[in-house]
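FYI, side chains are in, hydrogens and waters are out, and symmetry mates aren't considered; it's all heavy atoms of this structure. Here the structure is a predicted model, which is why all the values come from computation and not from measurement.
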Amino acid sequence: QVQLVESGGGLVQAGGSLRLSCAASGLTFSGYAMGWFRQAPGKEREFVSRISRSGGNTYYQDSVKGRFTISRDNAKNTVYLQMNSLKPEDTAVYFCAADRNNVPIRTPAGYEYWGQGTQVTVSS
């Protein structure tokens with residue numbers, strides 16, 4: 001069965017950094033594009049970033065461009081999200097998701113598998 005397990009969340013001060021990881025199992029990892037989404041209390045789940053199957057193409061929500069970097073290691077079946085210059089508005093539960101299609105979808109409905117999420121809290 002497919003499992004996506006996020007880790008690396010926590011409490012950080014504004015301006016700080018965190019690195020999220022998402023370890024995948026039960027699927028051919030290199031055959032899936034991977035995405036990061038986040039959901040703040042009372043808000044809809046929103047797209048943060050996406051990386052293509054090979055890692056050659058990356059996409060970001062405008063509000064995180066220049067601060068967040070997505071990467072993947074297909075040998076380790078893991079996708080990462082390096083988050084720098086964090087702001088209080090980045091506070092949310094962060095989810096990774098897998099999409100077998102190669103079209104850069106930014107809506108949650110386009111992703112087939114999801115992790116359980118990891119909490120990121122940025123204090124001001």
Practice prompt. Kindly say whether Tyr94 contributes a backbone atom to a donor-acceptor pair with the side chain of Thr118 at under 3.5 angstrom?
Written response: no
Practice prompt. Could you tell me whether the side chain of Phe68 reaches within less than 4.5 Å of the side chain of Leu81, counting heavy atoms only?
Written response: yes
Worksheet item: Ignoring hydrogens and geometry, is there a side-chain-to-backbone donor-acceptor pair from Gln61 to Lys65 under 3.5 Å?
Response: no
Practice prompt. Considering non-hydrogen atoms only, spot the tightest contact between Gln116 and Val5 and give its length.
Written response: OE1-CA, 3.8 Å
Worksheet item: Could you state the interatomic distance from OG (Ser25) to CD (Gln3), rounded to the nearest 0.5 Å?
Response: 4.5 Å
Worksheet item: Under the 3.5 angstrom rule, does the side chain of Arg72 hit a backbone N or O of Ser52 as a donor-acceptor pair?
Response: yes
Discussion item. Using 0.5 Å steps for rounding, measure from the OG1 atom of Thr69 to the CG atom of Asn84.
Written reply: 6.5 Å
Discussion item. What's the separation between atom CD in Glu112 and atom CG in Asp99, rounded to the nearest 0.5 Å?
Written reply: 8.0 Å
Fill in: Hydrophobic cluster membership, Val79 vs Ile105, 4.5 Å side-chain cutoff
no
Worksheet item: Considering only heavy atoms from C-beta outward, does the side chain of Phe95 approach that of Val93 to under 4.5 Å?
Response: yes
Worksheet item: Is there a donor-acceptor pair closer than 3.5 Å between any side-chain N or O of Arg53 and the backbone N or O of Met34?
Response: no
Worksheet item: Looking at Tyr80, does the NZ or CZ of Arg19 lie under 6.0 angstrom from its six-membered ring centre and within 45 degrees of the ring axis?
Response: yes
Worksheet, complete the sentence: Taking every heavy atom of Ser123 against every heavy atom of Leu11, the minimum-distance pair comes out as CB-CD1, 4.4 Å
Item to complete: Quick one: closest heavy-atom pair of Ala98 and Leu27, and the distance?
Response: CB-CD1, 4.1 Å
Fill in: Closest approach of Ile70 to Trp36 (non-hydrogen atoms, all atoms of both residues)
CD1-CD1, 3.6 Å
Discussion item. I want to check something: taking the side chain as every heavy atom from C-beta on, are Trp114 and Pro108 in contact at a cut-off of under 4.5 Å?
Written reply: yes
Discussion item. Checking the side chain of Thr78 only, and the main-chain atoms of Lys76 only, is there a donor and an acceptor separated by less than 3.5 Å?
Written reply: yes
Worksheet item: So do Gln39 and Glu46 actually touch side chain to side chain, heavy atoms under 4.5 Å?
Response: no
Fill in: Backbone N/O of Val103 and side chain of Asn101: donor-acceptor pair under 3.5 Å
no
Worksheet item: Can you check whether Val120 reaches Leu20 side chain to side chain, under 4.5 Å on heavy atoms?
Response: yes
Discussion item. Are Val48 and Tyr60 linked, directly or through intermediate hydrophobic residues, by side-chain heavy-atom contacts shorter than 4.5 Å (ILVMFWY only)?
Written reply: yes
Practice prompt. Could you tell me whether a side-chain N or O of Thr28 sits under 3.5 Å from a main-chain N or O of Ser30, the two making a donor and an acceptor?
Written response: no
Worksheet item: Going by distance alone, is a donor N or O of one side chain under 3.5 Å from an acceptor N or O of the other, for Thr121 and Gln119?
Response: yes
Worksheet item: Do the side chain of Glu6 and the main chain of Gly117 share a donor and acceptor less than 3.5 angstrom apart?
Response: yes
Worksheet item: Once you round to the nearest 0.5 Å, how far does OG1 of Thr107 lie from CZ of Phe37?
Response: 6.5 Å
Discussion item. Hydrogens and angles aside, do Arg50 and Tyr111 bring a side-chain donor and acceptor to less than 3.5 Å of each other?
Written reply: yes
Worksheet item: So which heavy atom on Leu4 is nearest to which on Tyr113, and how close?
Response: CD1-O, 3.5 Å
Worksheet item: Are Asp90 and Lys87 ion-paired here, with the side-chain N under 4.0 Å from a carboxylate O?
Response: no
Worksheet item: Are any of the side-chain heavy atoms of Ile51 and Asn57 separated by less than 4.5 Å?
Response: no
Response to the item:
For Ser49 and Tyr59, the nearest pair of non-hydrogen atoms, with its separation, is OG-O, 2.9 Å
Item to complete: Enter the distance from Glu44:CD to Arg38:CZ here, rounded to the nearest 0.5 Å.
Response: 14.0 Å
